[in-house]
Amino acid sequence: MSKQKNNLKNEIKASLENKFLRQSMDNFAVAYREGQKKTFSGIDKEALVNDISSIKGASISAVTDLYNTFKANARKKGVKVHYAGTADDANRIIAGIAREKGCKIIVKSKSMTSEETHLNTFLGNNGLEVTETDLGEWIIQLRREGPSHMVMPAIHLSRYQVADLFGDVTQKSFDPENIEKLVKVARKELKEKFFQADMGITGANFLLADTGTAGIVTNEGNARLTSTLPDTHVILTGIDKILPGLKQALAILKVLPKNATGQAITSYVTWITGQGESSGSKKDKKDIHIVILDNGRSKVASDPIFSEALKCVRCGACANVCPVYRMVGGHTMGHVYIGAIGLILTFLFHGKKNAKKLIGNCIGCGACKDICAASIDLPEVIRHTSRKLSKEEDTPISGKFLSYILKDRKTFHKLLKLAKFAQKPFSGSNGFLRHLPLMFTPEHNFKSLPAIAKKPFREIWKQEQYTLENPKLNIAIFAGCLQDFVYPEHLLSFLKVLKENNIQAYFPFEQSCCGLPLRMTDNMDAAQKVAQDNVAAFGDREYDSIVTLCASCTLHLKDGYINICEGSGNMDSQKVKAFAGRITSSSVFINEYVKIKKTHNNESITFHTPCHLKGLEKGLACAKHILKSTGADIIIADEENTCCGFGGSYSTKHPEISATILDRKIEDFVKTGADIIATECPGCLLQLRGGIDKKNLNMKVRHISELLE
Amino acid sequence: MGKDNSLLDLFRINAESVSAKVSRISTISDAFDYTTALASKNKATENIIAAPGFTDSQLDELRHKIPKASIIQTGLSSYSKGIRLSITHAEFGIAETGTLVINSREVDKRLATMIPDVHVAVLSESDIVETADDLIPELSKILSESTGYLAFVTGASRTADIERVLVVGVHGPLELHILIQKDV
């Protein structure tokens with residue numbers, strides 16, 4: 001294992017062992033979820049988010065024009081506008097302004113862009129004294145650390161650490177329990193700085209092209225003092241922050257604070273136009289500079305996929321909901337930029353080396369995509385980033401091997417049958433198992449395999465198949481590897497119900513793995529080949545539906561195949577669309593065509609939402625409706641929608657994180673006191689059952705289909 | 001009147017939810033009485049009170065009410081230790097978020113909303129609108145001027161940077177009082 005990988009492993013381990021961090025991240029995740037939901041109650045968030053997505057999209061496409069308009073309008077009003085091609089340019093420009101104006105003492109308010117350019121280090125090396133005035137930023141500056149969250153930079157620290165730090169700074173001692181008093185220390189210490197400083201540096205959330213205005217969104221009020229008291233004010237921000245005008249900025253403002261901290265609006269939103277008055281006796285001394293950082297942004301603006309990342313409004317919500325961030329914090333799940341967007345921006349702004357270290361952190365659950373203020377398809381852009389990074393090297397051997405086996409169904413299935421004999425007797429004590437196709441990767445130790453069923457579904461089918469005389473529907477079953485070879489009982493329960501409801505089932509034999517693991521590991525050629533084979537396998541007749549009991553397979557067969565087909569010249573898009581159109585998740589199908597019996601009148605059931613079910617229209621509502629119809633008492637778990645930590649190959653790549661996410665998940669299920677955890681994804685089921693089994697708990701984990709009989 | 005009242009209520013509820021104190025007044029004299037009471041409560045009757053943007057006769061009235069205080073309108077930037085109390089006008093109110101819109105092109109008015117411990121803002125009832133979008137024409141006009149410093153102020157200054165515990169008054173005012181003046 002490379003040194004870099006080892007370092008990352010150690011970092012992850014240290015983060016997971018940091019008890020305070022874990023607890024505080026966990027409290028935050030829960031509080032954020034509730035606060036965010038509350039501020040959006042009664043508001044059509046989707047409409048607002050779509051609005052932002054189109055505003056940012058249009059602005060990014062017109063970035064050069066907007067820049068020129070902004071520059072012209074700001075200059076007319078006496079503001080000096082500087083274009084910085086690189087991070088280094090930005091730092092040099094700002095140091096140059098300080099030199100020219102004879103500035104020595106600088107106060108700064110929060111700016112992620114200045115973190116991006118490592119401005120403070122640069123200015124410090126040039127003999128300038130820089131003080132961060134945002135409380136969190138000041139704390140981490142005193143500790144010589146980077147931020148661990150884009151909005152709350154010191155979230156990784158406890159009150160005790162802050163009290164000790166302030167004690168060192170002021171040579172006094174402070175009661176850590178009195179946080180108000182600690183805040184007062186900052187108020188007092190920093191107030192003097194504002195008055196002494198001769199330069200103030202702020203960021204900006206918006207630049208308005210039509211009036212040459214900079215908009216700054218803050219809570220503490222330090223940006224207002226920073227921009228008012230010193231005679232020289234420098235604004236450093238990215239070129240992606242330019243908008244046509246106020247209307248567009250107000251649209252973003254409707255979501256940004258709500259998504260960031262659950263506030264309807266921040267305490268202060270400041271709009272600065274033109275040179276303005278100086279605070280000193282000479283009112284015309286004020287000097288305003290706007291340094292607009294490109295650092296690769298305008299090049300990215302024309303990239304069809306990476307340009308999505310420029311829509312980001314830096315609310316930080318993608319970190320707030322990320323199950324991995326919740327476990328390890330921002331110093332592990334980020335470089336300068338943090339969370340899901342951080343994985344992408346690190347690649348764009350901070351080099352491949354740093355990006356490689358981070359990119360594997362993503363579990364692919366999609367929680368970030370659902371919360372994003374600008375509707376960025378973050379998991380997809382992360383996958384794209386990962387592809388870019390892996391293109392630099394040969395495909396890892398595991399990937400090659402995987403694509404070799406999966407490309408040919410017969411080889412794959414033969415290997416699966418062999419695995420049945422290779423496995424040790426299943427003891428039931430092994431908690432962490434792997435997604436089937438991935439068990440063929442060389443890193444995998446066959447001894448820890450889940451029990452492969454004695455007979456795969458495809459063999460059982462030979463005895464169980466039936467012919468109805470006058471069926472109400474004719475459907476085909478897409479089994480998916482995990483249910484075909486490990487959990488055939490899910491499919492058998494389903495078959496029984498189909499028969500009872502006069503539905504004819506077919507099982508096209510040439511079907512194979514859906515190919516999702518190939519797509520997730522960037523083996524796009526193999527993913528296409530598998531997709532083609534599966535479409536052909538189901539081409540023998542026009543089924544009313546093709547039903548799958550796996551949420552991941554459903555999502556991939558439905559949406560993934562259409563995406564794959566669009567990117568390939570040799571797939572028949574009509575056929576793929578017809579195939580994808582027939583794919584139905586088991587709960588949607590059951591809900592519509594099956595009479596559900598009261599099978600669980602005296603039991604209580606809680607539900608685990610598979611991440612891949614969230615993307616399926618109606619899927620979630622149908623699953624819930626089925627559970628209710630069984631007569632069971634439904635108990636909603638607080639963490640119902642949180643990822644279980646499986647993530648396909650993720651649990652083998654990051655077993656420590658996967659295990660910690662699972663622990664938290666199980667803790668939450670235990671709290672419900674339910675008899676049964678129901679879900680609709682065999683991958684989640686495998687993970688949850690493994691965890692429950694390992695802890696010797698008395699809960700059952702069941703696939704929805706198993707609850708019908 | 002019904003609609004106006006509901007707008008007013010909405011403004012009050014939202015401003016109070018972020019710890020602003022909202023009262024209704026009829027005249028500017030009421031605002032000065034309120035400020036006087038606040039100065040006594042904060043033991044600031046002999047301190048500096050900033051009141052930029054009021055007319056000479058209004059200032060005389062305030063000086064008369066708090067005779068021992070030093071009422072100032074300019075030169076706020078020389079008070080690096082801070083100021084106890086200030087009173088300013090606010091140009092608009094946004095009911096949806098309980099926000100004040102303060103046009104503070106002049107540095108002294110700006111600082112009067114930033115450095116005091118307690119800030120009192122006087123807002124006309126008729127200047128309250130429902131959403132920020134309703135103000136786009138007025139705000140665009142202000143932004144199109146050659147210089148400007150326009151502020152949306154919602155509640156007191158706040159931070160949650162230490163263990164996410166919400167504390168008000170980190171850099172800006174610790175208290176925000178909003179006096180809504182009835183239309184004549």
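Small disclaimer: the values here were computed from a predicted structure and weren't measured. In what follows, chains carry the letters A, B, and so on, assigned in the order in which the sequence lines appear, proteins first and then strands, with residues in each chain numbered from 1.
- Across all non-hydrogen atoms, the minimal contact from A264(A) to T97(B) is CB-CG2, 4.1 Å.
- Contacts of L253(A) with chain B are made by side-chain atoms alone, with heavy-atom separations under 4.5 Å and no backbone atom involved.
- In this structure, the portion of Q263(A) lying under 4.5 Å from any heavy atom of chain B is its side chain and not its backbone.
- With a threshold of 4.5 angstrom between heavy atoms, L229(A) approaches chain B through side-chain atoms but not through N, CA, C or O.
- Note that CD of E163(B) and NE2 of H156(A) are 12.0 Å apart. Values are rounded to the nearest 0.5 Å.
- Using a 4.5 Å cut-off between heavy atoms, T270(A) touches chain B through backbone and side chain atoms alike.
- Residue S104(B): no heavy atom, backbone or side chain, is found under 4.5 Å from chain A.
- Neither the backbone nor the side chain of V18(B) comes within less than 4.5 Å of any heavy atom of chain A.
- Proximity to chain A (any heavy atom under 4.5 Å) is shown, for R158(B), by both the backbone and the side chain.
- Using a 4.5 Å cut-off between heavy atoms, T99(B) touches chain A through its side chain atoms alone.
- Chain B forms more heavy-atom pairs under 4.5 Å with one residue of V151(A), T213(A), L208(A) than with any other, namely T213(A).
- A donor-acceptor contact shorter than 3.5 Å is absent between the side chain of E220(A) and the backbone of V170(B).
- Among A160(B), G155(B), S144(B), the residue with the largest count of heavy-atom pairs under 4.5 Å with chain A is S144(B).
- G172(B) and R187(A) make their closest contact through O-NH1, 2.6 Å (heavy atoms, listed as atom of the first residue, atom of the second, distance).
- Contact between D161(B) and P153(A) at its shortest, heavy atoms only, is OD1-CD, 4.2 Å.
- Ranked by non-hydrogen atom pairs under 4.5 Å with chain B, the options D134(A), T228(A), L246(A) are led by T228(A).
- When each of T131(B), T113(B), I142(B) is checked for heavy-atom pairs under 4.5 Å with chain A, T113(B) comes out on top.
- Atom NZ of K80(A) is surrounded by more than 12 heavy atoms from other residues, nucleotides or ligands within 6.0 Å.
- For chain B, the option among R224(A), E180(A), K286(A) with the highest count of heavy-atom pairs below 4.5 Å is R224(A).
- With a 6.0 Å radius and a threshold of 12 heavy atoms from other residues, nucleotides or ligands, D175(A) has its CG atom above the threshold.
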Test side chain to side chain contact (heavy atoms under 4.5 Å, CB included) on T273(A) and L150(B); report intermediate values, then the result. CA-CA 8 Å; T273(A) 312; L150(B) 186 70; over 6 Å; no
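- At least one donor-acceptor pair closer than 3.5 Å links the side chain of S77(B) to the backbone N or O of S279(A).
- A donor-acceptor pair shorter than 3.5 Å cannot be found between the side chains of T147(B) and Q275(A).
- When atom types are taken as modelled, the side chain of K184(A) and the backbone of G169(B) share no donor-acceptor pair closer than 3.5 angstrom.
- Ranked by non-hydrogen atom pairs under 4.5 Å with chain A, the options A156(B), S80(B), G75(B), G98(B) are led by S80(B).
- Judged by distance alone, with hydrogens and angles left aside, the side-chain atoms of S146(B) form no donor-acceptor pair with the main-chain N or O of K77(A) at under 3.5 Å.
- Of the two parts of E96(B), neither the backbone nor the side chain holds a non-hydrogen atom closer than 4.5 Å to a non-hydrogen atom of chain A.
- In this structure, the side chains of Y268(A) and M114(B) stay at 4.5 Å or more apart for every pair of heavy atoms.
- Between chain B and the residues E137(A), Q196(A), K191(A), the largest count of heavy-atom pairs under 4.5 Å involves K191(A).
- For a residue to count as touching a neighbouring chain, one of its non-hydrogen atoms must lie under 4.5 Å from one of that chain's; by this rule F194(A) touches chain B with the side chain only.
- Counting heavy-atom pairs closer than 4.5 Å to chain B, the top residue among L157(A), L182(A), L225(A) is L225(A).
- Minimum heavy-atom separation, L143(B) to T211(A): O-CB, 3.5 Å.
- Two residues are said to be in side-chain contact when any heavy atoms from C-beta on lie closer than 4.5 Å; Y79(B) and F195(A) fail this criterion.
- In this structure, chain B has no heavy atom under 4.5 Å from any part of D210(A).
- Contact of K254(A) with chain B is made through the side chain alone, with heavy-atom distances under 4.5 Å.
- Contacts of T266(A) with chain B are made by backbone atoms alone, with heavy-atom separations under 4.5 Å and no side-chain atom involved.
- Contacts between L111(B) and chain A at a heavy-atom distance below 4.5 Å involve the side chain alone, from C-beta outward.
- From I179(A), atom CD1 reaches atom CD1 of I162(B) across 6.0 Å, with rounding to the nearest 0.5 Å.
- Options G215(A), S227(A), A251(A) differ in how many heavy-atom pairs under 4.5 Å they form with chain B, and the most are formed by S227(A).
- Contact of the R105(B) side chain with the E277(A) side chain is not registered, since no non-hydrogen atoms from C-beta on lie closer than 4.5 Å.
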Applying side chain to side chain contact (heavy atoms under 4.5 Å, CB included) to Y32(A) and R164(B), what does each step give before you reach the verdict? CA-CA 11 Å; Y32(A) 170 78; R164(B) 295 186 310 104; over 6 Å; no
